[in-house]
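First the structure, in the form of structure tokens, and then the observations on it.
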Number of protein chains: 2
Amino acid sequence: MSQSQILQSLIAENLVSDPGGARGRLLTEAARLFREKGYERTTVRDLAAAVGIQSGSLFHHFRTKEEILKAVMVETIRLNTALMQAALEAADTNREKLRGLVRAELESINGQTGEAMAVLVFEWRSLSAASQVEVLELRDIYEKLWLDVLESLKNEGALEADPFVVRRMLTGALSWTVTWYKPERGGLTLGGLTDQVMAMMAL
Amino acid sequence: MSQSQILQSLIAENLVSDPGGARGRLLTEAARLFREKGYERTTVRDLAAAVGIQSGSLFHHFRTKEEILKAVMVETIRLNTALMQAALEAADTNREKLRGLVRAELESINGQTGEAMAVLVFEWRSLSAASQVEVLELRDIYEKLWLDVLESLKNEGALEADPFVVRRMLTGALSWTVTWYKPERGGLTLGGLTDQVMAMMAL
DNA sequence: GACAATACCAAGCAAGCGCTTGGTTTGTAA
DNA sequence: TTACAAACCAAGCGCTTGCTTGGTATTGTC
């Protein structure tokens, strides 16, 4: 199943907004602006201007500004969880599964959903506690994919360190690529970067 | 030279504010609040209340709210650069130097300056471009300490990967510890965590 | 065509923000 | 004691923000 088929299926199930529709275009622009200026410094006037409408009209689509932030987060988690599940299904060994996860996460962080992924990290505090709880539930599903694979690697003796610590280190290392990775820099492809990450873990 | 001697020397040189003085107390509280609620959501009224004064009085000490943010960042970079230089001076081999840097950075991120270090990462966008330039100059001195050691390790054959990439991965992995590391969690000390990081790099 | 639903416009509200201003209080030096 | 500087108070300014409200325009359905 290709990436666009996964996306189409999520759209059909109303889990993710169609990027071509009004709501989807707004979320794409919101992710970009929130990433660039920060959620708090992005006004509803900025958001509206980015999609070519007046600010009051946003409130027809979303109840509050915060609901926009939450939707950016929820939708990127859903999409990337589905992409990672697909990467797992395409792999045979635990080592290949981990490689697939690393590759998929690097793609999500440095590709189409890079802005939304960065918003998830940097704008967490602007979510209300109730929204944080909801987003964390989805996030936990995503994290479980990782921990299951790391624990399997530990059980087969391929990994000595604590899976929890390894995942946390990886989260930081991979998330940080958003601040520095550029394909043009020294010809380092995402595949090459994936190789370096795997090598750093002696895997 | 001990940590408190380093701090006293920086205070004497007016590079860092005395934590016991009014300005220093304000910067400590500011780092805490900015970390907790975000810079944009922390009002000057919040800051003033945290140190027990009225909000207008803040402007006796700092020209603008942004100057407070910048001071939090500048002062933590200066302090931690000095601590890392001390760690380098206490080490003999390049491997020990790297270990000293990892340990010192983990201490800065998870210890007294943890809040300010997190503010440096998460609140970067709230700084004006001019302030960013100034803070980056200090940051570059700090980063050069790392790159020099990693390049020495590469030159002696102990490290295969690109020092630039390794440093970036380490920055992410170590910075992320602020979100999850707790000494009580499974008895993992900072020394133990340092060991795990070094092991992950096969060093 | 008629009607309902959806999408958007334009104007402006209430609340809150960073900061100013004129003043008072405290600390220091001569 | 006096003079001055530093630190703080209290009140309020001008501006910005997220959002509401009454309306118009467009789209979809029968």
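Every value quoted in this text rests on a predicted model; they were computed, and no experiment measured them. Per chain, numbering begins at 1; letters A, B, ... match sequence-line order.
Listed candidates were D/dC19, D/dC9, C/dC19. Nearest to the side chain of A/F59 is D/dC19. Which of C/dC19, C/dC8, D/dC19 sits closest to the side chain of A/V44 comes down to D/dC19.
Annotation: cation-pi pair A/R168/B/Y181 absent, no NZ/CZ under 6.0 Å from the ring centroid and within 45° of its normal. A/Y39 carries A/K65 over the face of its six-membered ring, with the cationic atom under 6.0 Å from the centre and within 45° of the normal.
In terms of phosphate contacts, B/S57 brings no side-chain nitrogen or oxygen within less than 4.0 Å of OP1 or OP2 of D/dA7.
As rounded to whole Å, 17 Å separates atom P of C/dT24 from atom CD of B/Q54. Atom pair B/F62:CZ and D/dC8:C1' shows a separation of 15 Å (rounding to whole Å applied). Rounded to an integer number of Å, the gap from CG of B/L58 to C1' of D/dA6 is 15 Å. Residue B/E67 contributes atom CD, which lies 10 Å from atom P of C/dC19 at whole-angstrom precision. Rounded to whole angstrom, the span from the CG atom of A/L69 across to the P atom of D/dC19 amounts to 12 Å. When the P atom of C/dA7 is taken as reference, atom NE2 of A/H61 falls 6 Å away, rounded to whole Å. Atoms CG (B/D46) and P (C/dC19) sit 14 Å apart, rounded to a whole Å. Atom-to-atom, NE2 of B/H60 to C1' of D/dA6 comes out at 5 Å; the value is rounded to the nearest Å.
With hydrogens and angles left out, the side chain of B/R45 and the base of C/dG16 share no donor-acceptor pair within 3.5 Å.
Positionally, the nearest nucleotide of DNA chain D for B/G56 lies more toward the 5' end than for the other of B/G56 and A/Y39. The residue among B/K65 and A/I53 whose nearest nucleotide of DNA chain C is located toward the 5' end is A/I53.
For B/Q85, the CD atom sits in a packed shell: over 12 heavy atoms of surrounding residues, nucleotides or ligands are nearer than 6.0 Å.
Salt-bridge formation is not detected for the pair B/D162/B/K154: no Lys NZ or Arg NE/NH1/NH2 atom is positioned less than 4.0 Å from an Asp or Glu carboxylate oxygen. Between A/R25 and A/E29, none of the side-chain N atoms (NZ, or NE/NH1/NH2) sits under 4.0 Å from a carboxylate O, so this pair counts as no salt bridge.
The residue B/S55 sits close to a base: some heavy atom pair falls under 4.0 Å.
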